[in-house]
Colleague: 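Let me give you the structure first, and then I'll get to my questions.
Since we're looking at a predicted model, the values are computed, not measured. One-based numbering, in listed order, for ligands and for the atoms of each.
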Amino acid sequence: MRAPPSLWWSTLDSPVTARPALQRHLDVDVAIVGGGFTGLWTARELKRRDPDLRICVLEKSVCGFGASGRNGGWTSALFPLSDQILVNRYGMDRFTHQRHVLERSVVELGESARDDGIDAHFTQGGTMVVARNEVQAHRLRESVEESRQLGFAESDLAWLEKNEADQRATLTNSLGATYTPHCARIHPARLVRGLSDVDESLGVEIFENTHVTRILPGTRGRQPEVVTVGGSVHADFVVRATEGYTPTLPGERRTVVPFYSLMIATEPLPDSFWDEVGFAHYETFADDRRLIIYGQRTKDNRFAFGGRGASYHFGSTVEERFDSDRRVFSMLEAILRELFPTMGGSISHRWGGPLAMPRDQMPSVLVNYNTGMASAGGYTGDGVVLSRVASIALADLLTSPDTETDFTRLPFVQHHSRRWEVEPLRWLGINSAIRLATMADRTELRRGVDGRASKWYERLASADSDSKTEPSPEA
Ligand SMILES: Cc1cc2nc3c(=O)[nH]c(=O)nc-3n(C[C@H](O)[C@H](O)[C@H](O)COP(=O)(O)OP(=O)(O)OC[C@H]3O[C@@H](n4cnc5c(N)ncnc54)[C@H](O)[C@@H]3O)c2cc1C
């Protein structure tokens, strides 16, 4: 096992020791493949509903090895698709219901972790998205107006004039910012490792260094089966919770694309710096460029800062060497220093990892009662809260199939996304979208408020699907 070289991993209270691998045959009620937030929250929620359930988690490395132990720690109510698309597709009532579930889930995630005795450094300071050129200011102001029409109050999303924004945090070239309280920052590795300990204490059997090579759906009279390098498992239900790694499983190559997001962290920065730039309430932050960036002030007073820009790899390949990209790391450092020119100090950590993007950018929670196959994922860059919500929905579906709950009513439950195109179309389409986003940012900076760049970008972005081409405001 090679621990991911993230800030989060290296600031855990104690080193991670892998649990034993599966070396035999096992019979359980629910077998979960993948020890990230989705797999571990699902086990937690199943045990809450029925403590006697026999559950195992099979993790190819160690719990938290994937995106759950490496992310930006934005615990937000964001969703990969825009509000307007959701309203058009599902109607105002279902949109509003989902919005409220996600907003409540930000708070609930913190409470659930605290009740389980996990100190994940959860602090709900909200999010600022700063406008750093006229086009961004125009777009952000419009987004606030649009949100009013969709029922958001000033207390959900507000426009802050420059002086108000600067009181929260001072970023260079700020022209104002939007502010929402519906986001907390966390230390993700503390949460995911804490969760694995909680699950284990409840009787969930966790096998690490256990690579699942095949998942065989059940048929009439035969349970589904999970095959690993050292053993196998029969279960009533198998939950696939492999997110960005999904394309590495047989038959799943085109289910989602693995999209790489990369991060850097600074050394702890002095109090004098924080007195100058703010973030007194630990607001998470971004600006409104197309090629997403995201940051947080950590509990130990560093910046953890990430962004997109890494290329998609032909054939949806997932390899550890893609977790690093010198060009993207340099770009992130340059952006961070441009945002905060007095920052000083050096970059202490650089890392990255794959997240999963479905073709229509709609996450999904799926249970097939005929085959015993279940899955949850496709959260793009918003998986911290979405994995919690998806796990609750999944536990409800598995334990009470005939009862509708607030979670099973969500539009992405039992939603099937279509598969991605075959190569080389996938490679061409995705990498062109990344290029276009970069070009749009440059043009917006150059041309200013006439918005010409926005217009050509919007047209291209909506040409194929009715979703945003550059995925969701996080990660
Ligand atoms: C750099 C980065 C920054 C991000 N920032 C944010 C953010 O700030 N906010 C936010 O909401 N979201 C963010 N995300 C997304 C978020 O982290 C993920 O959506 C979420 O963690 C997904 O959790 P998961 O459990 O579904 O998947 P993962 O955490 O990826 O877990 C999947 C697990 O499955 C295991 N696995 C895979 N294949 C097999 C196999 N064959 N056999 C056994 N085990 C297997 C993997 O080892 C892995 O541990 C970010 C993602 C990245 C990569």
Colleague: Please confirm whether G381 comes under 4.0 Å of ligand 1, counting heavy atoms of the residue only.
Modeller: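 Judged by the 4.0 Å heavy-atom criterion, G381 does count as contacting ligand 1.
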Colleague: Is there a heavy atom in G377 that sits closer than 4.0 Å to ligand 1?
Modeller: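 Heavy atoms of G377 never come under 4.0 Å of ligand 1.
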Colleague: What are the atoms of ligand 1, with element, lying closer than 4.0 Å to any heavy atom of L249?
Modeller: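 Listed by number with element, the hits are 41 (N).
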Colleague: What are the atoms of ligand 1, with element, lying closer than 4.0 Å to any heavy atom of Y294?
Modeller: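 This gives 1 (C), 2 (C), 3 (C) as the contact atoms.
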Colleague: Mind telling me whether H349 and W351 have parallel, tilted or perpendicular rings, with 30° and 60° as the class edges?
Modeller: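 The arrangement is perpendicular - the two ring planes meet at more than 60°.
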Colleague: Would you verify whether the NZ or CZ of R185 falls within 45 degrees of the ring axis of Y282 while also being under 6.0 Å from that six-membered ring's centre?
Modeller: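 Here R185 passes the 6.0 Å and 45° test against Y282.
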Colleague: In ligand 1, which numbered atoms sit nearer than 4.0 Å to a non-hydrogen atom of G34?
Modeller: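 Those atoms are 33 (C), 34 (O), 35 (C).
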Colleague: Just let me know how Y379 lines up against ligand 1, side chain, backbone, both or neither, with a heavy-atom cut-off below 4.0 Å.
Modeller: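 For Y379, the contact with ligand 1 is made by the side chain alone.
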Colleague: Which atoms of ligand 1 are found less than 4.0 Å from any heavy atom of L58?
Modeller: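 Those qualifying, in numeric order: 43 (C), 44 (N).
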Colleague: Looking only at non-hydrogen atoms, which of S61, G36, S68 approaches atom 20 (C) of ligand 1 most closely?
Modeller: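 Result: the heavy atom closest to atom 20 (C) of ligand 1 is in S68.
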Colleague: Please enumerate all residues that pass ring-ring contact (aromatic ring centres under 6.0 Å, His included) together with H313, with sequence neighbours excluded.
Modeller: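 H313 satisfies ring-ring contact (aromatic ring centres under 6.0 Å, His included) with Y260, F322 only.
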Colleague: Look only at interatomic distance and state if T38 has a nitrogen or oxygen under 3.5 Å from any nitrogen or oxygen of ligand 1.
Modeller: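 Yes.
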Colleague: May I ask you to check if ligand 1 and G383 share an N or O to N or O distance below 3.5 Å?
Modeller: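 N/O-N/O distance under 3.5 Å: yes.
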Colleague: With atoms numbered from 1 as shown, which atoms in ligand 1 lie under 4.0 angstrom from a non-hydrogen atom of S261?
Modeller: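 Taking each heavy atom of S261 in turn, ligand 1 has 1 (C), 2 (C) under 4.0 Å.
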Colleague: Run the numbers for me: atoms of ligand 1, each under 4.0 Å from some heavy atom of R70, listed by number.
Modeller: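 The atoms of ligand 1 under 4.0 Å from a heavy atom of R70 are 1 (C).
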Colleague: Between D199 and R44, does at least one N-O distance fall below 4.0 Å, as a salt bridge requires?
Modeller: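 No.
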Colleague: Is any side-chain heavy atom of F329 less than 4.5 Å from a side-chain heavy atom of I347?
Modeller: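 Side-chain contact under 4.5 Å: no.
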Colleague: Out of V192, V212, L40, indicate the one that has the non-hydrogen atom closest to atom 41 (N) of ligand 1.
Modeller: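 Answer by nearest heavy atom: V212.
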Colleague: Does at least one non-hydrogen atom of T210 fall below 4.0 angstrom from an atom of ligand 1?
Modeller: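 T210: in contact with ligand 1 (<4.0 Å).
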Colleague: Identify every side-chain donor-acceptor pair in residues 235-242 under 3.5 Å, counting partners at least two apart or on other chains, and give the distances.
Modeller:
residue, atom, partner, partner atom, Å
D236, OD1, Q223, NE2, 2.7
R240, NH1, T246, OG1, 3.3
T242, OG1, T246, OG1, 3.0

Colleague: Which of the atoms of ligand 1 are close to L355, meaning less than 4.0 Å from one of its heavy atoms?
Modeller: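 This gives 51 (C) as the contact atoms.
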Colleague: I'd like to know if S76 contacts ligand 1, where contact means a heavy-atom distance under 4.0 Å to any ligand atom.
Modeller: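 The answer is no, since S76 has no heavy atom less than 4.0 Å from ligand 1.
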Colleague: Counting both backbone and side chain atoms, is some N or O of T242 under 3.5 Å from an N or O of ligand 1?
Modeller: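 N/O-N/O distance below 3.5 Å does not exist for this pair.
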Colleague: Counting only heavy atoms, tell me which of K60, R308, R185 gets closest to atom 44 (N) of ligand 1.
Modeller: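 The option holding the nearest heavy atom is K60.
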